[in-house]
Amino acid sequence: MATRVGVVAAVAGAAVVALLSAALALYGQPLDTALKRAFSLHKVHSVKDMENTFQLVRNIIPPLTTKKHKGQDGRIGIIGGCQEYTGAPYFAAISALKVGADLSHVFCTREAAPVIKSYSPELIVHPVLDNPKAVHEVEKWLSRLHALVVGPGLGREDALLENVKGILEVSKARGIPLIIDADGLWLIAQQPTLIQGYRKAVLTPNHMEFGRLSEAVLKDPVDNSDRRAAVLRLSQALGNVTVVQKGEQDVISDGEHVLECSQQGSNRRCGGQGDLLSGSLGVLVHWALHAGPEKTNGFSPLLLAAFGACSLTRQCNHQAFQKHGRSTTTTDMIAEVGPAFNTLFET
Ligand SMILES: NC(=O)C1=CN([C@@H]2O[C@H](COP(=O)(O)OP(=O)(O)OC[C@H]3O[C@@H](n4cnc5c(N)ncnc54)[C@H](O)[C@@H]3O)[C@@H](O)[C@H]2O)[C@@H](O)CC1
Ligand SMILES: Nc1ncnc2c1ncn2[C@@H]1O[C@H](COP(=O)(O)OP(=O)(O)OP(=O)(O)O)[C@@H](O)[C@H]1O
Ligand SMILES: [Mg+2]
């Protein structure tokens with residue numbers, strides 16, 4: 001299989017950093033250069049790691065039983081959808097359902113709502129995001145939601161971003177897992193303190209978004225020569241917020257470990273694939289946190305969820321490309337969510 005998992009044994013961070021700092025003081029190297037060296041020394045690539053990680057993802061998938069009521073396998077909220085972008089929140093919300101969530105809510109602007117509703121009768125759509133009481137309108141639903149995906153198709157209008165700031169604050173106060181994507185990451189790049197130290201958050205930047213975030217948080221340009229070190233460093237600087245840098249390989253870190261997902265996809269890069277990823281991740285994060293430590297074997301639940309969502313998105317891309325080639329679109333990928341999920345996780 002074409003997946004490689006690079007598990008960077010990141011060791012008890014503080015002790016290592018202290019040791020390195022001391023050593024570096026002697027040799028006069030910058031700390032981050034040495035950290036990169038140290039972590040690349042600990043890299044392990046093996047089929048066994050890959051299979052172990054897939055097995056842990058399989059462990060977090062809730063069984064389908066006759067005893068459950070609607071909602072138990074996931075109630076996911078998407079914050080996004082404005083005049084320009086209605087496809088992105090739809091892709092994220094429908095992907096959450098196709099992965100296995102029971103209910104998927106979209107909180108969008110008034111004019112985007114009828115459009116998004118018209119794509120699918122399966123989605124619950126709230127036209128509240130440009131309402132002066134948007135924070136209150138979303139907060140009313142938070143006790144019923146297991147995770148929020150913030151950003152697909154949100155746009156960058158100041159008034160909307162101000163409302164989303166409030167939504168992030170009330171969600172954090174309730175301990176709701178947050179997946180921040182697309183224009184949600186634009187907001188975080190303006191104000192990194194909004195997410196600083198919140199360990200139930202996963203950021204899913206593409207190439208551009210990662211550059212903006214890194215420059216905002218670390219105050220220097222990204223070093224693209226070592227993506228693992230760059231992702232690890234950003235996660236650490238954000239106080240161990242999990243970061244997924246999407247690309248030719250997806251690089252995932254919680255500031256302690258680094259995983260790499262290179263599940264075979266295709267060379268087709270149509271828009272919306274990132275939305276499929278963030279919507280899927282909303283469900284998998286809920287499942288991973290709900291599964292508990294005995295199922296995750298002490299591994300970070302968010303890291304496992306991210307690895308699962310990346311593998312799934314890439315497998316959907318691979319399968320859709322087999323059928324549609326260059327004409328593959330995200331809608332074709334969404335049709336592959338069920339079969340791809342079975343291929344990867346239902347053994
Ligand atoms: N159908 C829809 O409604 C879609 C809406 N989308 C939304 O569009 C908004 C903006 O997202 P973007 O991702 O375009 O914004 P970004 O500001 O991150 O990206 C800007 C542009 O950079 C380019 N780019 C990407 N990777 C690059 C690389 N490796 N090197 C150089 N350039 C690169 C892309 O062409 C992209 O258009 C978000 O709200 C997003 O959710 C997208 O999700 C796509 C689908
Ligand atoms: N060069 C690549 N080769 C293989 N897979 C890739 C490549 N670039 C991105 N991907 C995959 O595509 C998915 C989406 O990543 P991408 O960088 O396109 O996100 P995005 O720009 O946020 O997408 P969106 O259009 O939804 O906003 C991820 O699962 C990633 O693994
Ligand atoms: Mg995106």
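It should be emphasised that the depicted structure is a prediction, and the values quoted were computed from it without experimental measurement. The residues of the chain are indexed from 1 along the displayed sequence. Order of listing sets the numbers, starting from 1, for every ligand and every atom in it. The figures here come from the full heavy-atom set of this structure, side chains too, leaving out hydrogens, waters and symmetry mates.
Among all protein heavy atoms, the one lying closest to atom 28 (C) of ligand 1 is H207 CD2, 3.5 Å. For atom 6 (N) of ligand 1, the closest non-hydrogen atom of the protein is A88 CB, 3.9 Å. The nearest heavy-atom contact from the protein to atom 12 (P) of ligand 1 is N206 ND2, 4.5 Å.
A side-chain N or O of R58 and one of Q55 form a donor-acceptor pair less than 3.5 Å apart.
The shell of residues lying under 4.0 angstrom from ligand 1, judged by heavy atoms, includes G272.
By the criterion of a heavy-atom distance under 4.0 Å, both the backbone and the side chain of D275 are placed next to ligand 2. Here H207 has no heavy atoms under 4.0 Å from ligand 2, in either its backbone or its side chain.
The heavy atom nearest to atom 22 (O) of ligand 1, considering only R156, M208, E84, is found in M208. Compare R269, Q249, Q263 by their heavy atoms: the one nearest to atom 3 (N) of ligand 2 is in R269. The residue from G279, S311, G272 that puts a heavy atom closest to atom 24 (P) of ligand 2 is G272. For the residues F210, Y85, F91, the heavy atom positioned nearest atom 9 (C) of ligand 1 is part of Y85.
The protein does not reach atom 34 (C) of ligand 1 closely, with no heavy atom under 4.0 angstrom from it. Within the 4.0 Å cut-off (strictly below), no protein heavy atom is located near atom 18 (O) of ligand 2.
At least one N or O atom of K246, backbone or side chain, sits closer than 3.5 Å to an N or O atom of ligand 2. Between G87 and ligand 1, an N or O atom pair is found at a separation short of 3.5 Å. Taking any N or O of E209, backbone or side chain, none lies under 3.5 Å from an N or O belonging to ligand 2.
Against a heavy-atom cut-off of under 4.0 Å, E209 is close to the following atoms of ligand 1: 18 (O). Taking every non-hydrogen atom of T313 and a distance limit under 4.0 Å, the qualifying atoms of ligand 2 come out as 29 (O). In summary, the atoms of ligand 2 found under 4.0 Å from a heavy atom of G271, numbered by their order in the structure, are 25 (O).
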